[in-house]
Amino acid sequence: MHFITASRGGNDPHVQPVNDAHTNVGYIGSGNYVLSVGDKFEANMINSNTMRVLSGDGQINGYRFCIDDFEDVTIENGTPGMKRIDLVVVHVEISPSFVCQLKVIKGTETSDTPVAPSYIEGDLNNGDAVAEMPLYSVALTDVSVGTPEPLFKVLVPASEFRDSISHLK
């Protein structure tokens, strides 16, 4: 047993990321969410290959991440006569060191109906060191890049949820 929010003395940090993640899971659940903060990771294509993801906060298995202003990712060119679906994901690693970044997972090109690529559905609270959360899918037809399609849920703040059910008895 040890304190989480009180110092144990010495140079050891008393709040570890896993402690914070467990608190978040206890409050809002272990799922992957975008929080109702900032621009909620709104995204758009700013040119034919660059997708801009705006500010927001989110969580993967309780581990919080954010973009303060914006981040750009590159969508590789398509091929004439082919179709593809790419995923833009939040990639989180908690071991051997902490990494959090946006990543594009390129789909497989086909002349038929494209399928979204797989991603790492890790559970950071159950021994996995890596997990990814899809934010957007981007469909490419020939060399044309489509509009980013959101794949996330925005968590409703408790005050809005409370207000939405306050008239029920």
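Position 1 is the first residue of the sequence; numbering continues from there.
- Within the model, atoms CE of Met51 and OG1 of Thr147 stand 11.0 Å from one another, a figure rounded to the nearest 0.5 Å.
- The shortest non-hydrogen separation linking Gly146 to Met45 is O-CG, 3.9 Å.
- Residues Val130 and Phe98 do not share a hydrophobic cluster, clusters being chains of Ile/Leu/Val/Met/Phe/Trp/Tyr side chains in contact below 4.5 Å.
- Other residues, nucleotides and ligands place no more than 12 heavy atoms under 6.0 Å from the NZ atom of Lys153.
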Between Leu102 and Leu135, is the side chain to side chain contact (heavy atoms under 4.5 Å, CB included) condition met? List the steps.
CA-CA 9 Å; Leu102 285 182; Leu135 288 181; 3.8 Å; yes
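- Phe152 and Tyr136 have perpendicular rings, their planes meeting at more than 60° on a 0 to 90° scale where under 30° would count as parallel.
- Within the 4.5 Å cutoff, no side-chain heavy atoms of Leu87 are placed close to those of Glu132.
- Clustering ILVMFWY residues whenever any of their side-chain heavy atoms sit less than 4.5 angstrom apart, transitively, puts Leu151 in the very cluster that holds Tyr119.
- Taking hydrophobic clusters as Ile, Leu, Val, Met, Phe, Trp and Tyr residues chained together by side-chain heavy-atom distances below 4.5 Å, Met133 does not share a cluster with Val99.
- Here the closest non-hydrogen pair linking Leu124 and Ile94 is O-CD1, 3.8 Å.
- Taking CG of Asp39 as the start and CG of Asp69 as the end, the distance is 9.0 Å to the nearest 0.5 Å.
- Ile67 contributes atom CD1, which lies 14.5 Å from atom NZ of Lys40 (distance to the nearest 0.5 angstrom).
- Closest approach of Cys66 and Asp57 over heavy atoms only: CB-OD1, 3.3 Å.
- When side chains are defined from C-beta on, Ile120 does not count as touching Val89, because their heavy atoms never get closer than 4.5 Å.
- Under the 4.5 Å side-chain criterion, counting only non-hydrogen atoms from C-beta, Cys100 is not in contact with His91.
- In summary, Arg52 and Asp72 engage in a salt bridge, as defined by a charged side-chain N under 4.0 Å from a carboxylate O.
- Panel note: side chain Gln59, backbone Gly31; a donor-acceptor pair is recorded below 3.5 Å.
- Here CG of Asp68 is found 12.5 Å from CG of Leu54. Values are rounded to the nearest 0.5 Å.
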Hey, mind stepping through Ser111 and Lys83 against side chain to side chain contact (heavy atoms under 4.5 Å, CB included) and telling me if it holds?
CA-CA 6 Å; Ser111 58; Lys83 300 173 187 173; over 6 Å; no
Could you check Asn77 against Val143 for side chain to side chain contact (heavy atoms under 4.5 Å, CB included), going step by step and ending with a plain yes or no?
CA-CA 6 Å; Asn77 286 330; Val143 294; 5.7 Å; no
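- In the hydrophobic clustering of ILVMFWY residues, with side-chain heavy atoms under 4.5 Å counting as a link, Leu140 and Val104 come out together.
- Listed for the Asp123 side chain is a donor-acceptor partner under 3.5 Å among the backbone atoms of Asn125.
- Side-chain contact check for Tyr33 versus Ile60: every heavy-atom pair is 4.5 Å or farther apart.
- For Asn61 against Ala131, the heavy-atom pair with the smallest separation is OD1-CB, 4.1 Å.
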Verdict with reasoning, Val73 to Thr50, per side chain to side chain contact (heavy atoms under 4.5 Å, CB included):
CA-CA 6 Å; Val73 294; Thr50 306; over 6 Å; no
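- Thr110 contributes atom OG1, which lies 12.5 Å from atom CZ of Arg84 (distance to the nearest 0.5 angstrom).
- One hydrophobic cluster, built from ILVMFWY side chains closer than 4.5 Å, holds both Ile75 and Val53.
- For Glu76, the CD atom is loosely surrounded, since the number of other residues' heavy atoms within 6.0 Å does not exceed 12.
- For the atom pair CG of Asn32 and OH of Tyr63, the computed distance is 13.0 Å after rounding to the nearest 0.5 Å.
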